[in-house]
Amino acid sequence: MGFATDAIHVGQEPDPATGAIIVPIYQTSTFVQEELGKHKGYEYARTSNPTRAALERNLARLEGGKFGLAFASGMAAINAMMSLFKPGDHVVAGHHLYGGTFRLFEHMLKGSGLSFSYVDTTDLDSLERAFQPNTRLTYIETPTNPVMEITDIAAAASLAHHHRALLAVDNTFMSPYFQRPLAFGADIVLHSTTKYLNGHSDGVGGAVIVSDGALAERLKFIQNAAGAVLGPMDSWLVLRGVKTLSVRMRQHNENGMAVAEFLARHPKVKNVHYPGLPTHPQHELAKKQMTGFGGMLSFETGSLENAKRLLKAVRLCSLAESLGGVETLISHPATMTHASVPPDDRRRLGITDGLVRISVGIEDVEDLIADLEHALAML
Ligand SMILES: *Cc1c(COP(=O)(O)O)cnc(C)c1O
């Protein structure tokens with residue numbers, strides 16, 4: 001079946017007991033057993049819950065994987081996945097990681113004996129050079145936040161496998177609608193479902209998707225043992241969100257493209273980072289591994305003063321962190337999402353004081369452009 005059909009139906013057969021078309025919210029902690037060792041597949045809701053199980057099956061299919069696991073947040077998913085590794089293991093990671101992931105790696109996992117190298121994974125030579133005999137994992141985000149750099153997933157997977165390491169891809173920015181890393185050889189896909197998968201800015205959650213049975217078994221053990229599971233109500237919200245993922249992503253893409261083209265033409269905008277623009281340095285690679293470019297972009301206003309003025313002048317775009325919801329959010333990476341990155345590193349990574357990020361929503365795009373046009377006139 002096609003992606004949209006799978007999004008609406010997989011894991012969501014009508015309830016056999018009542019015929020309910022929608023998977024119920026199984027708000028229960030335990031399940032009664034008929035006799036010792038005889039039950040319906042559910043014993044205790046940390047181990048498994050039918051609403052969560054429906055979401056896990058659904059997300060696995062959408063990513064083209066065999067197994068899905070849902071967690072209490074994107075960070076809980078990443079932390080659970082990282083529990084696959086042991087003290088002494090080395091990880092090669094992208095230099096533009098989501099701030100929370102960098103914090104987890106540097107300020108928690110380093111203390112438990114893992115070591116990390118951060119490299120520009122868009123440059124395959126520098127990625128290759130970063131491998132060590134004890135490297136067990138390559139961890140990337142593509143496109144990166146907020147300057148939308150793209151790593152060749154297939155090339156990164158073959159490098160990782162050549163060095164007997166796994167490749168994990170955080171696919172939050174694209175969603176499986178536009179990019180399916182497992183098809184390019186990745187071993188593990190991660191999501192903050194908080195963003196596009198839920199899509200309505202009303203819940204926090206995360207997921208891990210794999211195809212390898214042994215890896216899935218180990219992750220299932222970690223999920224149950226450490227216990228950072230997604231609750232039934234939140235699982236249900238993501239299931240509900242995912243039903244419209246196809247139509248939402250198509251509109252995010254259409255609006256993203258229109259806003260990017262508007263900004264690229266505007267005399268007060270210095271530079272627009274959007275993989276859908278032919279001027280993006282990796283536009284060709286983007287077309288090769290993505291089927292759309294999504295709704296995330298950033299652009300250069302020239303100075304902190306200009307960025308401040310613009311963010312104060314917008315009316316429809318809301319000044320907030322996060323992304324992937326139906327409403328347009330605008331933010332200032334240098335002082336918001338990347339405030340904890342030292343200024344020198346920020347400059348090196350292209351996160352200038354004048355950089356503004358937009359998560360383009362699915363409002364009428366004429367209204368978004370009018371809002372930005374009015375705000376840019378204040379610079
Ligand atoms: C938001 C985000 C996360 C963390 O997810 P939470 O649900 O906030 O814990 C991880 N990676 C990326 C790319 C994100 O945007």
Side-chain angles (χ1 to χ4, degrees), residues 52 55 59 63 68-83 91 93-109 118 121 137-151 153 167-179 181 186 188-209 223 226 228-231 233-235 237-238 241-242 249 252 256 273 275 290 294-298 320-325 329-331 333 336-341 349 351 357-361:
R52 193 178 89 222
L55 174 65
L59 295 182
E63 280 290 355
L69 301 103
F71 293 89
S73 68
M75 290 321 306
I78 296 167
N79 189 46
M81 185 280 289
M82 291 304 294
S83 306
V91 178
H95 65 166
H96 263 304
L97 290 188
Y98 173 75
T101 305
F102 181 74
R103 179 173 57 199
L104 174 74
F105 288 1
E106 281 301 292
H107 300 294
M108 288 188 65
L109 301 181
Y118 301 96
T121 56
L137 176 71
T138 303
Y139 187 98
I140 62 170
E141 291 171 22
T142 180
T144 58
N145 175 28
V147 292
M148 307 301 286
E149 285 178 346
I150 294 174
T151 294
I153 300 172
L167 175 68
V169 180
D170 181 334
N171 201 27
T172 300
F173 266 40
M174 279 300 111
S175 90
Y177 186 71
F178 284 138
Q179 175 171 280
I188 301 167
V189 170
L190 298 136
H191 275 286
S192 166
T193 63
T194 312
K195 317 295 170 52
Y196 287 106
L197 291 177
N198 177 303
H200 295 75
S201 309
D202 54 11
V204 171
V208 182
I209 296 104
Q223 184 190 40
V229 295
L230 191 63
M233 179 71 202
D234 292 302
S235 298
L237 280 170
V238 183
V242 161
M249 291 314 292
H252 280 297
H273 305 285
M290 292 142 63
M296 295 302 298
L297 59 86
S298 62
E321 292 189 16
S322 200
L323 60 112
L329 301 182
I330 195 162
S331 65
M336 295 169 72
T337 47
H338 292 70
S340 62
V341 180
L349 298 172
I351 303 163
R357 185 185 86 172
I358 307 184
S359 168
V360 181

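Whatever order the structure lists ligands and atoms in, that order sets their numbers, starting from 1. Keep in mind that the numbers below use all heavy atoms, side chains included, and drop hydrogens, waters and symmetry copies.
- Ligand 1 has no atom lying under 4.0 Å from any heavy atom of Asn145.
- Looking only at side-chain heavy atoms (C-beta outward), His338 and Asn145 come within less than 4.5 Å of each other.
- Looking at every heavy atom in both residues, Thr142 comes nearest to Ile150 through OG1-CA, 3.3 Å.
- Between Tyr139 and Phe105, the ring center distance clears the sub-6.0 Å criterion.
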Take Tyr118 and Phe102 through the ring pair (Phe, Tyr, Trp, His ring centres under 6.0 Å) test and state the conclusion after the steps.
-> CA-CA 10 Å; Tyr118 301 96; Phe102 181 74; 5.1 Å; yes
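- Residue-ligand proximity, Gly205 to ligand 1, at heavy-atom distances under 4.0 Å covers atoms 7 (O).
- For ligand 1, none of its N or O atoms has an N or O atom of Ile78 under 3.5 Å away.
- Within ligand 1, the atoms closer than 4.0 Å to a non-hydrogen atom of Ser73 are 7 (O), 9 (O), numbered from 1 in the order shown.
- Of all atoms in ligand 1, listed by their number and element, those nearer than 4.0 Å to a heavy atom of Asp170 are 10 (C), 11 (N), 12 (C), 13 (C).
- Leu137 has its side chain within reach of Met82: a pair of non-hydrogen atoms, C-beta onward, lies under 4.5 Å apart.
- The closest protein non-hydrogen atom to atom 4 (C) of ligand 1 is Tyr98 CE2, 3.5 Å.
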Determine, step by step, whether Ile209 and His191 satisfy the side chain to side chain contact (heavy atoms under 4.5 Å, CB included) criterion, reporting the C-alpha distance in whole Å, the side-chain angles of both residues, the deciding distance to 0.1 Å, and the verdict.
-> CA-CA 9 Å; Ile209 296 104; His191 275 286; 4.1 Å; yes
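- Residue Gly74 approaches ligand 1 through these ligand atoms, each under 4.0 Å from one of its heavy atoms: 5 (O), 6 (P), 7 (O), 9 (O).
- Lys195 NZ, 2.5 Å is the protein heavy atom nearest to atom 2 (C) of ligand 1.
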